[in-house]
Amino acid sequence: MNCRNTFRVQSCCFASNSSALSSSEMKGEIQESNSKAKVKQLVDKIRATPPKERSKVLEFMIEKQGDTKTIGYFNDLIMGLVMAEELDYALKLFDEMSMHGFSPDCWTYSILIRCYCKKNQPDEGKRVLDCMIENGLRPNVVTLTILVNSLCSRGRLQKAFEVMEMMGKVGCNPNVQTYNCVLKGLCFVGRVEEAYDMLMDLKNKGDSKESSGNPDIYSYTAVMDGFCKVGRTDEAMELLEEAIEMGLTPNVVTYNALFNGYCKEGKPRKGIKLLKLMKDRGCVPDYISYSTLLHGLLKWGKVMVAYWVYSEMVEVGFKVDERMMNSLLRGLCRNSWEEEELLKNVYEVFVKMKSWDHSIFPDTYYLIIQTFCIGNEVDMALITLIEMVEAGYFPRMVTINRMIRGLCEEGKISKALSVLVVVCEAGKIPSKISYNILIDEFNRQGFLLGACSVYGAALKLGMIPHQMPLNPQQNRSL
DNA sequence: CTAGGGTTAG
C-alpha cells in the first residue's frame, strides 16, 4: 500500500490543530479511565475478536464514537492495534485519520515509529523520525531507543549511529538502554572489540558523572555474551569480575551467557564450576542454565556430570528435553558396560522418560536392550524389546540377535523363541544368525526335537542354517 | 496529562 505517499501528504498539513473537546463532552464507552487502561481494554477486545471480524468491529467502533472523536482517541486505537500486532491495520487507520479531520501529533508519530519497527521496517521508522524533526516535533528517548534497537538487531549499525547523532542534536541524549541496544548490535555483527571499547567509554564517562549514566548489568551482559559467542569466554569472565567490583549484580542471564560460552568452547566443566559459584553468590539457576550445561556436557561426552546436572534439574522440578534425555540415556548405557553400578541409573532415567511421555529413539532402544543383556537383565531387555515394537519401531536384526543370544545364554530358550515369533508376526524375515543361535542352544540343552523344528522352520523360509541339529549322544561326545 | 525501550540455549 502507499503508506509512504499518504504519510508525506499528512505530514505537510500537520500544522493545523483540531479544536479540543472539553472532557465533559466525552460520552459513550470511553470516559474516565486513563489512556493506558483504554488501550489495554482495546487490545483485549481485538484479541478476543476472530481476525476476520476485526475490521468490522473497528469500523463500528469508530463510527459509534461519532462526534466525540479526539486525536487522543485515534492514538489509543492505533496504539491498541500495534500492541495487538495488527500492524497493517494500524497503518491503515493512521492513513484514515486525515479523512476524519485529524492531523497526527507527536504521540501518533511515536506510535508509528514503533509500528514500523515491529514490522521489521526500521527504515520506514527512520523516515517518520526525519519527518517529525522537520516539523519541529521531538520524540523522546524511549521512542528513539525503540528505533535504534530495531536497526541494531538487524545489523544496521550505521543507520543506528545516525539516529543516535540526531538524538543529541534535538537535545535528547541516549541513555544506558539505548547504548545497550548498540552494544548488542555491535556484537551481533561481530564487532565485539568495538563493543568492548564502547563499554569502557561508558564506564569512564559514568565516573565523570555524565548524564548518560553508568553501564549497568545489561551492558556488561551484552558484551560478555559477545565475547562468549566468539570463543573468548575467559575474557567474558574477566568482565564478570569487573562488573561485580563495580557493584553490579550479575543475574541468571549473565551467567547463562557464560555457560553457553564454555559449553561451545568444549569446556563444560568450567561451566559447572561457575554454576557453583553462581549459587554461592545467591543467584538461582533457571531452566536455560541447566539445559545449556546439560547439553554441553552431553555434547562433550561428560556423561556422569551430565547425570548429576540432570538429577538436580529433576530435584528442582524442571523437565528435560526429549532429545537430551535420549542422549543422556545412551551415554549412561555405554558407561554402564564399564561400571555396572550405572545400570540402575539407566533404569531410572528410562522410567522417568516414560513418565514424561518422551519417546525413546530407536538407537536408544537398541542400546538399552544391549545394556540390559550385558548387565544380565535379559528379562528387562525382553520387556524393552516388546515395548519398542509396541512404540512402532521395529528393532534391527542385530538387536534381535543380541536379544536372542542374551536369552539363550541364560538358558531361557522359550523366551528366545518368542522373540522369533515377534519377528515373524511383524511380517519380517528373521536372519539366519537368529536360527543358528537357537539351534545351538537347543543342541547345548540336548533337545534334538527343538533343534530340528527350528532347523525345519529355517528351511521353510529358504535358509540353510550353518548350525545343524545334533543328536544328544553326539553332542555329549563332542 | 496520556505509552513506550535493553541481556540468555538448541
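Chain letters run A, B, ... following the sequence lines, proteins first and then strands; every chain starts at 1.
- In this structure, T254(A) reaches neither bases nor backbone, as no heavy-atom distance under 4.0 Å exists between it and the strands shown.
- For the pair L248(A) CG and dT7(B) P, the computed distance is 17 Å after rounding to whole Å.
- Contact check, N260(A) against dG10(B): a side-chain N or O comes under 4.0 Å of OP1 or OP2.
- A sub-4.0 Å separation between OP1 or OP2 of dA3(B) and a side-chain N or O of K40(A) is absent.
- In the model, R281(A) has a side-chain atom that pairs as donor or acceptor with a side-chain atom of Y255(A) under 3.5 Å.
- You'll find that the side chain of V176(A) is closest to dG6(B), out of dT7(B), dA9(B), dG6(B).
- In this structure, L239(A) places its CG atom 14 Å from C1' of dT7(B), rounding to the nearest Å.
- Between K264(A) and dG10(B) there is a side-chain polar atom (N or O) within less than 4.0 angstrom of OP1 or OP2.
- In terms of polar N and O atoms assigned as donor or acceptor, the side chain of N140(A) comes within less than 3.5 Å of the base of dG4(B) in a complementary pairing.
- Look at N149(A) and you won't find any side-chain N or O under 4.0 angstrom from OP1 or OP2 of dG5(B).
- For K276(A) and W308(A), the positive end sits near the middle of the six-membered ring, less than 6.0 Å away and at most 45° from its axis.
- Closest to the side chain of Q177(A), out of dA9(B), dG4(B), dG6(B), is dG6(B).
- Counting non-hydrogen atoms under 4.0 angstrom, Y220(A) reaches nothing in the nucleic acid.
- Between the C1' atom of dA9(B) and the CE atom of M224(A) lies a distance of 16 Å, rounded to the nearest Å.
- Regarding K118(A), its NZ atom lies at a distance of 12 Å from the C1' atom of dA3(B), rounded to whole Å.
- Comment: E85(A) does not engage K119(A) in a salt bridge, judged by the lack of any side-chain N to carboxylate O separation of less than 4.0 angstrom.
- The side chain of C181(A) sits closest to dG6(B) out of dG6(B), dA9(B), dG5(B).
- In this entry the distance linking CG of L77(A) with P of dA3(B) reads 16 Å, nearest Å.
- Taking atom CG on D286(A) and atom P on dG10(B), their separation rounds to 14 Å, with Å as the unit.
- With rounding to whole Å, M198(A) atom CE is found 18 Å from dG6(B) atom P.
- Regarding I146(A), its CD1 atom lies at a distance of 6 Å from the P atom of dG5(B), rounded to whole Å.
- Note: Y290(A) and F318(A) have tilted aromatic rings, judged against thresholds of 30 and 60 degrees for the angle between ring planes.
- Closest to the side chain of W107(A), from the set dA3(B), dG6(B), dG5(B), is dA3(B).
- For K36(A), no side-chain nitrogen or oxygen approaches OP1 or OP2 of dT2(B) to under 4.0 Å.
- Between the side chain of T143(A) and the base of dG4(B), a donor-acceptor pair under 3.5 Å is found.
- Remark: the T364(A) side chain and the R330(A) side chain contain an N/O donor-acceptor pair separated by less than 3.5 Å.
- D130(A) and K126(A) are joined by a salt bridge, as a carboxylate oxygen and a charged side-chain nitrogen come within less than 4.0 angstrom of each other.
- Side chain of Y287(A), nearest nucleotide from dT7(B), dA9(B), dG4(B): dA9(B).
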